[in-house]
Structures are given as C-alpha cells and as structure tokens.
Amino acid sequence: MLAKDVQITGIDPAQYERLVVSARSALPEKKDRTLIVFFQENRVSHAVHSERGPLDSVDFKGPGSLERLAAEHSVDRVICVESGAVRRVFTKAQASLKHSQPLWEQMLACRTALMMEMNSGIHVYPDPFKAMPVVPDFIIRLFRMLVPGEFLLTAVAMDRGRVWTSLLVAFEKGEISLVTTTDSLEGMDREFQDMRSAAAAVTAGTISKWGQPTTGAYMEKVAFEQLISSPKPLYEFADLVKKRWIYMKPFPLRLKVALTLISFLKK
Amino acid sequence: MAVRINAHGVEIDGATYPLYSGSVHYWRLDRDKWPLLLDRVKEMGFGFICTYIPWSVHEIGRGSFDFGEIDPQKNVGEFIDLCAERGLCVLVRPGPHINSELTYFGFPERLFGMESLLAKTVDGATAFMPAPPRFFPVPSYASNEFYEEVGLFFDALCPILVQRQYPDGPVVGAQADNEMSFFFRTSPFDLDYSEPSLELYRKYLTGKYKEIDAVSELYGKQYNDFDDIRPPRSFDAKSARELPWYFDWAEYRELYVFYGIQRTSRMLRERGLGNVFYFHNYPSAYPVSPFHIPKMESQIDVVGVDLYRGRDDYESVKLASRFLAGSSRLPFVPEFGSGCWLWWKPMFLKDQRLSTWTALMHGVKAFNFYMAVDRDRWYGAPVAEDGRKREGYFDFYVNFNKFLRQTRFNEYEMDTDILLLSVAEYERMEQMQSLLSPLPNLEPMGKMPQDWFVPRTPLEGLRDPVGALYKRQWRAMWRGFSEAGFSVSVADSSIEQMMLDKYKMVAIPTFEFLNVSFQKRLLLYALKGGTLLIGPRTPVLSETFATESKFISHVLKPVDFADSVTVGGIDVERVDYFRAEHALFPEEKGQCCAYWRQAEKGKIAHLGFVFQDYHGRDIPDEVRALFKSIASLAGLEPHYQSSAPSTETVTHSGPGGKFLFVSNRSGNDVKTNISAGHQDVLIDVETGDRISGPEFEISLEGCSVRRFHIGGI
C-alpha cells in the first residue's frame, strides 16, 4: 500500500500509455452486466438492470436464488442489497477508521465492514471473494522472511534498443514509498546496444537518483507482453527468468530462492 | 483600479484578457527550475499561472509558517515575482482545502485531533475522506473553531499576496476554497450533522421562516422553538405534504456550501486581498444540488466545474460545457485535465485533445489547464518537472492557444437558440429518494444514472414518482433537441428573467409542483413572445404544495388518461389527453396527448406524457422529428446538420465571422455530409483547404474535432 509521503514522480506518459494499452489488451473481456436488487424482508422494493434500467418485475425468492436471477436477466453479476445495509457498512467502516492508520489498515477496516454485511444484508453472485486465491500461511511467512523491509525494484521492457516502458518502485516498511519510471533518470532517451548495457545504465542512473536498486528485471517487449497476459504472472515471471527471457540485475540470492520456490509451487 | 470577470475573460481596468491559464505547483518543483518552467508555460501561449498555496506545506507549527525563510522551495512570494517578471498574471488557490493529491488535502494533521471542528455523519461518527494515501477526518465548514485555525494561515499568507496583487503585482484572481462538496460526499443524508452544522441549519430556518408557528404549520409538526427542529436523517416521507421538511434540509446543504465559500472569500478580502476576482470549482461535471452556480456567482465572481475526461466522455464534456455556457458569467473550467493522477482512469494526449476541443466547441470560454508542468503524484502535463517539452503534448497546447489568440475566440458566442432548464426541487427529490444513500453520486448522468435508483411509487398527493421520472424526461428533451440538430444550452431554475428572454425556445420538464416565482418567470417569458415547452404535467402546486398555478389559464385540462400508448411511432407512458386546437400528434377521437397554444405574444407547447428512458439507447427517428416540429414553433431550423450519427456540428459567431466545429465522438474514422442548406464555403482552420457547396463531405478521424471558417474570413 501507499506510504503517507509516497512520491509518484517522473512518470513518462508515453511509457505509461504503452503499459496501459498492453495491460488492457491482456485483460479478459469485461463482464459487467449487473442486476441490482433492493429488498426488505425478502420482498423486492426496487431492481435495476445496468443496461435496461429499472425493472418492473423481478422474481426474487431470497438470497438463495441469485444464480437463477442472473440467468433470467442475462447478467454477469447480481447484487442484492437489503434496505439499510449500505448505511450499516458506512457506519461500521467509519467507526473503525483512524487517520493515523496506514492505508492498508484503513482499507482493511472498510473491507471488514463490508464483509460483516456480506451474506447478511448484501449478497453478491458470483461471490467476489471466492475467486481470490488462498495462499497457505507458511508460504506467506516464508515470503516475508525473504522480502527485505526496504527495497527498490526496477522493471524495464525494451523495444528495438530503447526503453519501451518501465517502472521503478521503492518500498519502506512494507509500503510503497516511490513510483517512477526511467523518465526520472538521466540519459535514458537513447538507443542501447543490448539488454546488459541498458541494465547497466538504468542501474547507474537509479543509484545516482534514488539509491541502490535491490533488483531489476529487463526484458524485451514481447516477453513483457507474455508476462502480463499470463493468468499466473508470478509463475510466468519465474519461468521467463529461468529461460533467460528476463535478465536480472542485480539478482540477489533471496530472490533466486523465492523464484525457485515459485517454480516449485507451480509444479 | 478594478479586476472583474466578464463574459469574455478577466477585465482589468476596462481591458479584457482571455483567461487561458496553466497550473504550476512551485513547492513541488526545484527552486532552480522555476524560471525555466515559467518560460515554458509562457511559450505555450498561456497568460496566467495558477497555483495552490497549501496550508500543511507552509505550516511548521500552529501559527508559525515557512514561506521560504527555511526552505527556498516554499518561497511563494518569489515564485509570484518570477511570474510578474515574465508578464504572467497569477491566480492563487490558498484553500484551506486544496486536494492536489496531497496527503490530507493540505490540512495540517494537527486539526484531526480537534474533534469539535470535525464534520459528523448522520450516525454521529467523524466523517472521513477516503482518499489515498491516507483517509482523513474532514473539517466542518460550519465550525467557527475551524475558521479560527484557517485564519492563522491566512494571517501569515495574505501580507505576501496583498503586496503582489494588482496593480502592485500580478495576482489578479483568488480561489475561495476548493471543490466544496462535503468532500465529495454529496448524499443528502450523509453529512454534516455536527453541532455547528445543526446550529447553522436552525439559523437558516429562522431566517427563512421567522416564526416557529410557520414551520410547525408547514411541516405538520408541533415545535415550540427553532432549537426543537431536528433535520431528517433518511428519506421516510409517504406523502407530498411531508416534503418541505426534506426540501429545507436539501436547501440548507446548498447553503452550507455557499456559506463555506462566502466565508473563506470574506476572510481573504478582510485580510486585504480585495483587488482580485474570486472563483471556485465544483468537482462534479454536471452540478446538481448541493451545487448552485448562479447563487454562488451572486457572492463571488465565477464558478466552474472540474473536467478530467477521456475519449469516452464526449457527452459529459458536452453537457458540462453547455451547463456552464447557460449558467455562468464566464464558462470557465478551473481544472481542465492536462494530465492526471495515477488513481484516476488513465488519460493521454488523445483524451486531452478530444476533451479540450469538445469543451471549446460546446461553449467553454476560459481554461486553467491542470497541470501545465508535471509534479509529484501527476503525469501527462505538457512540460516535465525538469523543463523538457513532452512530445505531442507541448505542441498541442501551443497550437490550441495559437488558435484561441489568433481568432480572438474568447469574443465569440456559441450560436444557441434553445435553453433546457433543470429544476432544483425535482433534483433534490431524486437525490433524497435514492436507494443508494449514503453513497454519493457525482455523475448524475453517468453509466447508471441516479434516477434509476429512485422508487417508482408516487408519494401520496402526487400523480407521478417525480424523483424517478424527472431526469428521464429531461434526458429525452436534451437528446431530442440535440439529435434533431439544435444547439441547446442548459441552466437551472434560478435563472433570471433577462437570461430566459435571450432564447427563442425554453424547455423544461414539469410536474404538479413547481416553485411559484419560477412559474411566474416562465409564464412571463412565454407571454412576452418566447416559445415554452413543458410537460408531462401542468404545475398546479407551489413548492410547499399549496394550490397555486400561474399556468392554469394558459394550458388545457386533461380529459382522459392512459398508462401507456404508442403515438406517432413513439412509445410513451402516463399519458394525459386533451381536446386541443393545435395538436402536435395526429388526434384520436378528437383527443391528443401533445399540443401547443398561443399565449399572448408567445406559445406554450405541452407534452402530456413521459418518454421512454433513452439512457444508453438510440432515440427513435420519430422522437427527433417530434422535437424538430416543436422547435419549428419558435421558427427554428437546424443548421449545418451532419449525417453520420456519431458526429455533430456547432457554430460560433464573433468579430471575424463564423466558425463551424464538427466533432466525431466515436473511436472510428468517419465521413459525414454536412448540409448548409445554401451555397457556402468552408475553410479548414488547420490546413487552409477550401470546400464549396451547399453540401460538404468531411472526413473525421476517430475522437476528433475539426474547425472551419465559414464563408472565408
């Protein structure tokens, strides 16, 4: 999550645009036809279809019938909201918010308030939390051991010897303290002979502007596109490093261990 | 020595300067780079520099501040002096709220420990602004204690600004607070329920009603004192008679915003910043309650809206621009997106190009491009933090400003014949009845409009569910006239008589109740020679639901009713039938559901039905034809009509003749035929190419706007 004084600077709009366009084309087609049902004591008080507007009749038989409703109204998602539930979420979230909390704690407070209403005053089909992978606890602990408290990552995709898109992110105390691109570094607007010379220049520029990078990943545009279109990008990343499609510099031992662990998990 | 706003820009000692400004945040940029960065902004053709002056950045302890004495990057005085050296005028935005993606929006963190000055939600909890990188408690703009703290900052800052205000320096404009909107939490039953706010609410009621008995009678409740009155905390009304209590709360919330801006501007004026114009910006592109441009402009010089819109937002840029053109003294966008912040939807040059030209095409006359120079937590400005010119972006603003200056475009007027009005009471009702409450709705015309979330059962005492139907009818009128080829401006029901009289036709959705003074203005407009379009109902009640109609003798009484019918190929609902001399549709059994009547020198047309909901759908040709025939009652004919559905045209008239703008909102390249109806010549502004004919075939790239001189200038 973002640090209180997060610095977001030197974002090259052309690089960012390429990143956004690539990410958008890699995303699966958006399914957002939604039916929203407002109910009170299992009786519909109002229903809205995201494309057709308010509906006259919705055969709502309680929160157990959402899958049927989705099929009947040709929607991708059904959200049922009991009268007063939205307000309850607001009330609970605000009662537990503090300005001194880090952003992740604040968001967690809001999520907890929402979760308290989920399957009680608010019902959603399909369950949005079901799709989230459950990572075993020991894996999380292991990763925490491997990830240092403060680190700086650089990631660069190249196209015909030039920086095509890039991202430099620093973390402090587990929060993002810097987001930038190679635009904030000196001498990046040129053609590089190969990946190694690009990595050397980016590393030197990063050291002079932002400090020693913990690690850096350098790849061709095609490898980048493969990475972001993968349904499991972390596994894909480990795979691409192994195949040397991604050149790492620096490549600390901890990361090597983490990537080995990821490859092992994939199996 | 006077600085004021007129319809064409900033008037300084009688001379008008077009307001084309770029934002630069001095404290976020290397001090050594300031001269270069200001030179770059001037090179793009901007005449004004706009900057926030953030309280939290300058405060180093309660009542003590650093304006460059410790950190040279905070020397706002020197920054302003550098602007003066370059002949650039300066607009200052001292807050106290500044947003600008700063942590806590520029409020010092120490305020959050002062519980008594914080805004409260309906449940009595401290209200938070959920903005990254930290959610924070928001101050109450009704709290005297809050203003005392603000005063400490203004006391220290104003001497620096006062000695640099016109005529002694370049500061000609100041913003009174920023994006006043209950911190974007605009739902009527969310905040501010703090004690100072409730005190202000009761003061407002005392001022409005004077006697407590008048309130008791109107609300149908027994009060002994104004202190007994509690505001509504949710919408529970069953009958129209209960509405005044709710309407007053909604009106009070508008006053709250008004009060905050008025008090902030007064504090700056009292500290000597009196020789500048004052402005404000609403965060909503289409400002409905609690926003109110004409009322606010009775206190400060100009109020605009923020626009951060991309290539998919043509319609919302158009609507916002038309609203400003119809409502404001100077259609001004105090924050026009040139770049963006990372946690908003991504926007790039193509987005900026389309939204900028679209805004100009639809009536915006003054811009502050936010940002002109990149800075922390921002990307996509035409100048990088180190002074590099961003490829494509920089040249776009050079060319845009060149066009504006060479043509003196600020002196042009958008050609408009029709005014579409919105009605405060109906909008308030829609907001209060929203089932999404307390979720805010800053996009009332967005993907799923707010009226979709209003129950469709009428309140007792009313025939129609006004909150659910009003905007639907409004949208049909807006799209009906626009897509029939007419240029439509938008304003709200507080519009002055003089402004109404400028238009050949005024359209307004009406239901059974309507503010009486507004009824009078509308009727007078028609009697004096205007053409007025109303419906589905004739107003027969006042805003307090007393029987009072100014229209009754000028319109017809319904003789029959139907739930839904198809008439003239159009499906309509909740239909009244009349026996009329001039039917707008073919009659059936001697009855019609839409008609017009002569009203002394003018005409009143009445559509006695509710249209289908056309949101997100194509409107039928028959609807366009209907609006074309209604416009013809006022002698209006569409000009320069464009054949391709994703395109439209607008003309502007000014000192050098006429300009024709042609837009293509779709992402695909199109060819369109534009019919002038007479022999004419168009000269492409960019290429100089000439096209002759009564018919012009024009190619348009996806998401683009082309400009032509008409007839050669």
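Chain letters run A, B, ... following the sequence lines, proteins first and then strands; every chain starts at 1. Computed from a predicted structure; not experimentally measured.
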Chain A contact via [X] - side chain, backbone, both or neither, heavy atoms under 4.5 Å:
X        : result
B:Arg375 : backbone
B:Trp341 : neither
B:Phe189 : both

field: Close side-chain approach of A:His99 to B:Pro137, heavy-atom, < 4.5 Å
entry: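 Yes; the side chains approach each other to less than 4.5 Å.
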task: Please check if any side-chain donor atom of A:Ser166 sits under 3.5 Å from a side-chain acceptor atom of A:Gln15, or the reverse.
output: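 Result is yes, a qualifying pair exists.
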query: Cut-off 3.5 Å, side chains only: do A:Gln101 and A:Gln106 have a donor facing an acceptor?
result: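 No.
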At a 4.5 Å cut-off on heavy atoms, which part of [X] comes close to chain B: side chain, backbone, both, or neither?
X        : result
A:Val6   : both
A:Val179 : side chain
A:Arg88  : neither

query: Using the ring of each side chain (for Trp, its six-membered ring), is A:Phe60 parallel, tilted or perpendicular to A:Phe39, with breaks at 30° and 60°?
result: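 A:Phe60 vs A:Phe39 ring planes: tilted.
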field: Worked check of side chain to side chain donor-acceptor pair (under 3.5 Å) between B:Asp192 and B:Ser140
entry: CA-CA 7 Å; B:Asp192 176 5; B:Ser140 166; 2.6 Å; yes
message: Heavy-atom pairs under 4.5 Å with chain A - which of B:Arg617, B:Glu109, B:Glu391 has more of them than the others?
response: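 So the answer, after comparing B:Arg617, B:Glu109, B:Glu391, is B:Glu109.
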